[in-house]
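Notes to accompany the following structure.
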Amino acid sequence: MTLYKGEWSEKVYAVAGDVLDGYLYDLLMNLLEEKGVGNEFVQKLSDFSTAYEHSAYIAMLEGISQFTIGKK
């Protein structure tokens with residue numbers, strides 16, 4: 001997750017979540033929960049992303065197969 005204003009650049013300070021202050025982390029989690037980004041949302045997003053990645057991978061394999069068949 002990245003939080004910033006404007007366009008991101010290499011000059012923008014970023015920090016790993018494991019060094020985030022515990023109190024700030026709790027505040028962030030509460031804010032996300034208030035906005036509807038809770039465990040259920042994250043699980044649904046994860047399931048959707050996994051299914052999409054799987055279908056894209058299958059489509060790529062089918063495309064490669066068709067390409068190689070056409071090149072004989």
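- Under the side chain to side chain contact (heavy atoms under 4.5 Å, CB included) test applied with Leu24, the options Asp21, Asp26, Leu28 reduce to a single match, Asp21.
- Once rounded to the nearest 0.5 Å, the distance linking CD of Glu62 with OG of Ser55 reads 10.0 Å.
- Of the possible donor and acceptor atoms, none in the side chain of Ser65 sits under 3.5 Å from a partner among the backbone N and O of Leu61.
- Here the CD1-CD1 distance, from Ile69 to Ile64, works out to 12.0 Å after rounding to the nearest 0.5 Å.
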Atom pairs and distances, side-chain donor-acceptor, residues 32-45, under 3.5 Å, sequence neighbours left out:
{"from": "Glu40", "atom 1": "OE2", "to": "Lys44", "atom 2": "NZ", "distance (Å)": "3.2"}
{"from": "Gln43", "atom 1": "NE2", "to": "Asp47", "atom 2": "OD1", "distance (Å)": "2.9"}

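- Cluster note: Tyr23 groups with Leu27 through ILVMFWY side-chain heavy atoms spaced under 4.5 Å, whether in direct contact or through intervening members.
- By the side chain to side chain contact (heavy atoms under 4.5 Å, CB included) test, Phe48 is found to be paired with no residue, residues two or more places apart in sequence or in another chain being considered.
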